[in-house]
Visitor: 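Structure incoming, see below.
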Amino acid sequence: MLADISYKNIWKIAFPIIISGIAQNVVNVTDTMFLGKLSNVALGAGGNAGIFYYILVITGMGFTTGSQIIIGRRNGEKNYNQIGKVVDHSLYFLLPLSLILFFFIWFLSPLLLKEVTLSSNILEASVEYLNVRSFGIFFAYVNFVFIAFYVGTTKTKILMPVTIIMMLTNVFLDYSLIFGNFGFPQMGIKGAALASVISEIAALIFFIVFTLTQIDTKKYNLFNFKVFDTAIFKRILSVGSPVMLQGFLAISSWFIFFMIIEKIGEQELATSHIIRSIYMVLMIPLFGFSSANNTLVSNLIGQGNSKLVLPLIKKVVLMSLISTTLVLVFNLIFPTEMIGLYTDDNKLIEAALPTLNVISGTMFFFAIAQVLFSGVSGTGNTKTALLIEFINISIYLVAAYYIVFSLEASLPIVWCSEFIYFGLLGTMSYAYLKWGNWGKTTI
């Protein structure tokens with residue numbers, strides 16, 4: 001890829017990732033919608049258990065983000081034959097890790113959830129969900145490796161069909177397995193978990209077939225699986241381990257945040273998971289732009305064009321803000337209808353409206369902060385990104401705890417802690433990109 005930081009080229013890289021994000025979030029939204037129709041307990045339990053599951057899954061995603069950064073750098077250097085080695089060594093690490101985490105979910109998660117969950121109903125339903133959902137971790141990790149390869153080499157178009165397949169599979173099976181439609185067994189919350197697992201398997205099958213038939217595997221030296229190379233593994237781990245820990249901290253903070261809210265009550269928890277689902281939909285374009293920004297920054301540095309990084313980031317921030325403004329129109333015009341997709345409970349809808357207004361405001365902070373932060377990671381200095389994340393999460397959780405237990409504030413005020421998080425994240429990321437010595441980072 002040449003040093004092209006035009007709006008057109010940014011959009012060309014970001015658009016398939018955004019479409020991918022839409023499909024993936026339709027999966028999350030569908031789960032939340034169907035479980036919301038089932039019961040408030042199922043909605044709260046599925047949401048909490050889903051976040052707990054992603055705390056573990058995010059470790060593998062963090063490792064492959066490190067792989068993606070290195071692949072982007074090698075792609076910029078046109079050192080293509082090293083890319084396959086990065087892919088292979090990612091699998092060497094992630095497959096054993098997935099087995100360890102699978103057993104962790106089965107045997108230790110019930111004990112951990114028991115310590116932090118007040119409602120016995122939510123605890124029981126959460127364990128049911130996780131016992132089924134845990135099987136998906138094997139397939140999710142291999143999918144992450146494929147995504148790292150395609151995003152790192154800027155071949156993001158494949159993300160569109162693969163995630164549409166994943167989406168359609170999950171939506172159909174959610175409707176069929178949760179409620180027992182089309183002759184399928186009625187499985188309730190376990191049906192949502194099984195639908196997600198099968199959709200991940202469908203995505204993996206597509207990735208494998210497409211890669212073997214459409215990609216020049218010899219050019220990238222893919223899937224040779226030669227002798228384990230300690231030097232390559234250490235390089236990936238050096239870049240990826242801070243991202244792994246960073247992702248773990250980020251999702252853990254959400255889990256702790258919702259555990260804090262669960263102490264307020266089951267209705268507040270159900271309300272918050274509806275808001276979380278809407279929040280994630282609104283974030284889709286921003287995650288697309290930030291992911292594109294990450295790989296473009298890495299490619300530019302690999303080409304020796306570090307001077308173009310800040311102009312690139314400014315353009316991505318502008319595009320991110322414009323997309324945020326467009327998606328927030330739905331919040332402003334159809335707030336009741338949006339919440340009504342998740343529940344028929346009028347009290348729950350009324351309770352969620354003020355919090356929906358809060359997240360509409362935080363989205364502008366997020367639009368800037370997330371792109372700036374992805375730029376920090378894209379430089380390859382993931383240890384600095386980890387430090388920034390750790391400081392922000394610590395302040396965020398302390399603020400949320402204080403607002404709930406000391407101020408005993410209402411739910412919308414609790415969600416205002418998002419302003420603190422994104423405000424600090426954006427400020428610290430900008431300071432590093434503006435004055436930090438990131439241009440000399442080697443990976």
Side-chain angles (χ1 to χ4, degrees), residues 5 7 9-29 51 54 58 61-62 65 68-69 147 151 156 159-160 163 167 243 246-247 250-251 253-254 257 275-298 309-310 312-332 338 355-378 385 388-389 392-393 396 415 417-430 433:
I5 61 167
Y7 288 108
N9 193 54
I10 295 169
W11 178 249
K12 186 177 74 173
I13 303 298
F15 180 69
I17 302 174
I18 292 171
I19 297 300
S20 167
I22 291 173
Q24 289 176 344
N25 276 276
V26 165
V27 170
N28 296 327
V29 169
I51 294 174
Y54 278 107
I58 204 71
M61 185 185 293
T65 299
Q68 175 187 316
I69 292 168
I147 291 170
V151 175
T156 54
L159 300 182
M160 296 171 65
T163 50
M167 174 192 69
V243 186
Q246 170 200 320
I251 302 300
S253 70
W254 271 67
F257 179 75
I275 294 301
R276 176 184 65 86
S277 183
I278 296 173
Y279 208 5
M280 295 303 294
V281 172
L282 297 175
M283 289 177 178
I284 290 170
L286 309 189
F287 281 128
F289 285 120
S290 64
S291 182
N293 186 56
N294 181 294
T295 198
L296 285 168
V297 166
S298 187
V309 167
L310 287 178
L312 163 72
I313 291 174
K314 289 179 182 178
K315 289 184 177 182
V316 179
V317 165
L318 179 59
M319 295 174 76
S320 183
L321 284 170
I322 292 172
S323 69
T324 297
T325 303
L326 293 175
V327 298
L328 282 179
V329 170
F330 294 96
N331 269 20
L332 299 174
M338 288 181 66
T355 308
L356 183 64
N357 292 332
V358 170
I359 67 164
S360 295
T362 63
M363 285 302 300
F364 290 102
F365 284 70
F366 181 77
I368 299 171
Q370 186 63 26
V371 172
L372 291 170
F373 186 64
S374 70
V376 176
S377 297
I388 292 172
E389 186 77 271
N392 279 276
I393 284 174
Y396 166 71
W415 274 87
S417 54
E418 297 286 297
F419 285 107
I420 298 172
Y421 174 77
F422 290 122
L424 287 173
L425 183 69
T427 301
M428 295 178 70
S429 299
Y430 177 78
L433 290 168

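As the structure is a computational prediction, the values presented were derived from the model and not from experiment. Worth knowing before you read on, the calculation uses all heavy atoms, side chains too, and leaves out hydrogens, waters and symmetry mates. Note that the numbering runs from 1 along the sequence shown for the chain.
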Visitor: If I take atom OG from residue S291 and atom CD from residue Q370, how far apart are they, to the nearest 0.5 angstrom?
Guide: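 Answer rounded to 0.5 Å: 10.0 Å.
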Visitor: Just verifying a value: how many Å separate L296 CG and I10 CD1, rounded to the nearest 0.5 Å?
Guide: 6.5 Å
Visitor: For F365, check ring-ring contact (aromatic ring centres under 6.0 Å, His included) against everything at least two apart and list the hits.
Guide: F419
Visitor: Check M363 against L282 and note the closest heavy-atom contact, atom names and distance.
Guide: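 That would be CE-O, 3.4 Å.
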Visitor: Is the centre of the Y396 ring less than 6.0 Å from the centre of the W254 ring?
Guide: no
Visitor: Between S320 (side chain only) and L286 (backbone N and O only), is there a donor and an acceptor less than 3.5 Å apart?
Guide: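 No, because the side chain of S320 does not come within donor-acceptor range (under 3.5 Å) of the backbone of L286.
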Visitor: Using side-chain heavy atoms (C-beta onward) and a distance below 4.5 Å, is L318 in contact with Y7?
Guide: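 When only atoms from C-beta onward are counted, Y7 and L318 do touch, with a gap below 4.5 Å.
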Visitor: Taking the side chain from S253 and the backbone from A250, do they hold a donor-acceptor pair closer than 3.5 Å?
Guide: yes
Visitor: Report yes if the side chains of V317 and K314 come closer than 4.5 Å at any heavy-atom pair, otherwise no.
Guide: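 The answer is no, as the side chains (C-beta and beyond) never meet within the 4.5 Å cut-off.
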Visitor: Can you name the nearest heavy-atom pair linking V297 to G378, along with the distance?
Guide: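 Smallest heavy-atom distance, with atoms named: CG1-C, 3.5 Å.
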Visitor: So, S290 side chain and V371 main chain: donor-acceptor pair closer than 3.5 Å or not?
Guide: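 Flag not set: sc S290 to bb V371 has no pair under 3.5 Å.
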Visitor: Going by atom types alone, do S377 and N294 pair a side-chain donor with an acceptor below 3.5 Å?
Guide: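 Their side chains do not contain a donor-acceptor pair, so the 3.5 Å distance test is not met.
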Visitor: Between L425 and N392, what is the shortest heavy-atom contact and its length?
Guide: N-OD1, 2.9 Å
Visitor: Would you say Y279 and T362 are linked by a side-chain donor-acceptor pair, where the criterion is simply a distance under 3.5 Å?
Guide: yes
Visitor: Would you call the rings of F366 and F422 parallel, tilted or perpendicular, taking 30° and 60° as the class edges?
Guide: perpendicular
Visitor: CE/M338 to CZ/F330 distance, rounded to the nearest 0.5 angstrom?
Guide: 8.0 Å
